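Structure first, then comments.
Since this is a predicted model, take the numbers as computed values, not measurements.
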Amino acid sequence: MAGVPDQRKNGSRAEGGLATDPDLPPPAVDGARLDAEDRKWTPAKIALWAAIALLGGVAWFMLAIVRGETVNAIWFVFASVCTYLIGYRFYSKVIERYITKPDDRRATPAEYKADGKDYVRTDRNVLFGHHFAAIAGAGPLVGPVIAAQMGYLPGTIWIIVGVVLAGAVQDYLVMFFSMRRGGRSLGQMAREELGVIGGTAALVATLLIMVIIVAILALVVVNALGESPWGVFSVGMTIPIALFMGVYLRYLRPGKVMEVSIIGFVLLMAAIIGGGLVAQTEWGATVFHLDKVTIAWGLIIYGFIAAILPVWLLLAPRDYLSTFMKIGVIVMLALAIIVVRPEVTVPAFSEFASRENGPVFSGALFPFLFVTIACGALSGFHALISSGTTPKLVEKERQTRYIGYGGMLMESFVAIMALVAAISIDRGLYFAMNAPAALTGGTVETAATWVNSLGLAGVNISPDLLSETARNVGEQSIVSRTGGAPTLAVGLAHIMHQFVGGTALMGFWYHFAIMFEALFILTAVDAGTRVARFMLQDSIGNFVPKFKEASWRPGAWLCTAIMVAAWGAVLLMGVTDPLGGINTLFPLFGIANQLLAAIALAVVLAIVAKRGTFKYLWIVALPLAFAAVVTITASYQKIFSSTPAVGYFANNAAFSKALADGKKEFGTAKSVAAMEAVVRNTAIQGWLSVIFVVLSIIVIATAVLATAKAFRDRSAGVATTDNEDPAVPSRVFAPAGLVPTTAERELAAEWAKVPAEARLERARH
């Protein structure tokens, strides 16, 4: 659409060339009325937002300034919710008004490309749930738990402030610009906006990073279920439950989403309770007591099957169910925190905040806190979803703020609740659970001795406490249950048993949390594998066009097998890693994820520049600069640090020398095989870090060059290339947010008077 800059100089609402259907009501609320509603401030409205700001300010003051020996957990809830409300109401409105400039008179791809399969107009609230289910994986649950090693304040600030200024901005803008381009993927947009070099680098980086992301998601599940008969049975039962829900929704009771969700929820509760009963039997304890390697192979097989099954049979019903579970559990936990008001004894900045040799993960607070906490603050994985299925389902352009920006705020709240759950338990218990067995020794006696040797203020844990906690949650042991998921489950059980049920129900709440987390993560494993398969098919399709046909089953099966084999190999490497697997791989996951976010923001930067919105380019440039500095610094340290606990190649050299010297054990590796595994793993991780950062720098550099060119062209009066799809007039209407405004309700009433048959016929034409 080059050559139409006059239509856009005052924003999308200035586009006057869209012919509306005279036989239908307007497809959008009048722009002048929208502005008037937005700017109207009544005394009640002023008082409401003043109260929200005051409560948020008090909460931040209690967390960041007062910082006594203990802090009440309710301040985390108030600080986060108030900040989210202010960020959504004001900051996202600035982005909408000056950058995206949505025009609901324009049809979205779901309308003008409607095919009943990939492009389907979807109710905004249903789509919010689908999008949230797809983006909310292991990251917001695991990262904050691991980062709690540094204390509560650094993670809290990054999660809440980071999402408002970075994560939600990325999700919203990627979704909007993808929607304006017919639902194109991030890689396709990169190729169009950055050229062959930048686009190719973005495509390769995206594929490789997807492998790491899915592997880490699966690794969290493995660590949560390893040697846990109750957890294995309960999570295993979610597969037939989801299959039943898919068949029920497609053939038995089509369209009954709420009905099938209630049935699924009841079956899930039965699976949790049944898991406890089965685990207490001799045969159940034997059959479902699986080691981590066995569970890893099971997930690899499951990932392949789930990715090739029809989406309605497994992935869709799991989305329905997991959305209710995810949001419901987090809201329930928040209410429990307000009622129970647990006191947090973790310091704002722990003893490890100024060191780089923490037992849970190695590295200094900057930059590693900001890559350890990825999802919940800023996540590149979200860019793949925001440029994948979601923009193909949006009904109206203005809904992207609610779904993109609002959906990311909801995930950030999940991360804050995970952090609160982790820091609400005994500090000694936290370190005993999250340090690898090579440090704790694997037994309650050795773990207690090791924790007490750390010299942490106020920490003096006993073997009896570790044993009692394991009994209370129905597990044989909780020592070195790394990965974040078990710690979150113990924290949730610790808070919820005070809210409902007492100590007798701690086992139920623990395994409820484990299955809740597994639902979180398996949804992302399913979706991630499927998206990765589509990306690989498109890439190979540039050379063998047949692969671009999604219905060609040999191509789909082959690409699925390749991607599953790739992330499966990384998963097995993490499971067998003597250094703890998740502790070693999560920094690589975080760096890769944040590099992907930098790539997404770089593409967005070029798009915003080409639209001529230079005055507000800082809204994108700020998070891009921060993400680039953090990830490049972290990558540099992981590649070049001479400290073996931090640098991959330094660690590789130390273990290689030990092997050359004929040592039979070294550091945390207690055998020659373990030492060889460390050498192999660190070499792979090191070279992946090199590849990731080089590709990302190429993408960022080409984006900066494209931005500079757009500025020069605009200064010279040269029209820039616009890669948006041509504007098509819309013939449908839908509200933009969770609750319709007065003007939207009035317009909806006009549309309600139009016969359904007439609306459908007009929409078709």
Could you please spell out the steps behind the side-chain contact (heavy atoms from CB on, under 4.5 Å) verdict for Q399 and T108?
CA-CA 11 Å; Q399 294 175 353; T108 65; over 6 Å; no
Hey, mind stepping through N593 and S379 against side chain to side chain donor-acceptor pair (under 3.5 Å) and telling me if it holds?
CA-CA 6 Å; N593 198 22; S379 171; 3.1 Å; yes
What verdict does the side-chain contact (heavy atoms from CB on, under 4.5 Å) test give for L624 and Q170, after you've listed the backbone C-alpha separation in whole Å, the side-chain angles of each residue and the deciding distance to 0.1 Å?
CA-CA 9 Å; L624 170 59; Q170 174 209 250; over 6 Å; no
Going through the distances and angles, do F128 and R124 end up as a side-chain contact (heavy atoms from CB on, under 4.5 Å)?
CA-CA 6 Å; F128 181 96; R124 66 194 184 285; over 6 Å; no
Between S92 and Y172, is a side chain to side chain donor-acceptor pair (under 3.5 Å) present by the stated rule, with each step listed?
CA-CA 9 Å; S92 72; Y172 175 26; over 6 Å; no
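A pairwise comparison of heavy atoms in L186 and S387 identifies N-OG, 3.1 Å as the closest pair. Summarising the geometry of Q637 relative to P367, their closest heavy-atom pair is NE2-CD, 3.7 Å, with the distance given to 0.1 Å.
Aromatic ring pairs are classed by plane angle as parallel below 30°, tilted from 30° to 60° and perpendicular above 60°; the pair Y405 and Y88 is tilted. Ring geometry, W687 versus F649: the interplanar angle exceeds 60°, so the pair is classed perpendicular (tilted spans 30 to 60°).
Annotation: F711, atom CZ; neighbour count of heavy atoms from other residues, nucleotides and ligands within 6.0 Å does not exceed 12.
Judged purely by atom type and a 3.5 angstrom limit, T200 has no side-chain atom pairing as donor or acceptor with the backbone of I197. In terms of modelled atom types and a separation under 3.5 Å, the side chain of T390 and the main chain of S386 share no donor-acceptor contact. At distances below 3.5 Å, at least one donor-acceptor pair connects side-chain atoms of H382 with backbone N or O atoms of I135. Here the side chain of S362 pairs no donor or acceptor atom with the backbone of V646 at under 3.5 angstrom. A distance-only check finds a donor-acceptor pair linking the side chain of R611 to the backbone of T100 [under 3.5 Å].
Classification of E192 and K610 as a salt-bridged pair fails, no side-chain N sitting under 4.0 Å from a carboxylate O. Between D104 and K396 there is no salt bridge, since none of the side-chain N atoms of the basic residue sits less than 4.0 Å from a carboxylate O of the acidic one.
For the atom pair I212 CD1 and S689 OG, the distance stands at 8.5 Å (nearest 0.5 Å). One distance of note links CD1 of I599 with OG of S696; it measures 4.0 Å at 0.5 Å rounding. The structure places OG1 of T156 at 4.5 Å from CD1 of I416, a figure rounded to the nearest 0.5 Å.
Judged by the 6.0 Å and 45° rule, R184 forms no cation-pi pair with F177.
Listed by first and then second residue, the salt bridge (charged side-chain N to carboxylate O under 4.0 Å, His left out) pairs involving residues 82-92 are D38-R89 (not counting sequence neighbours).
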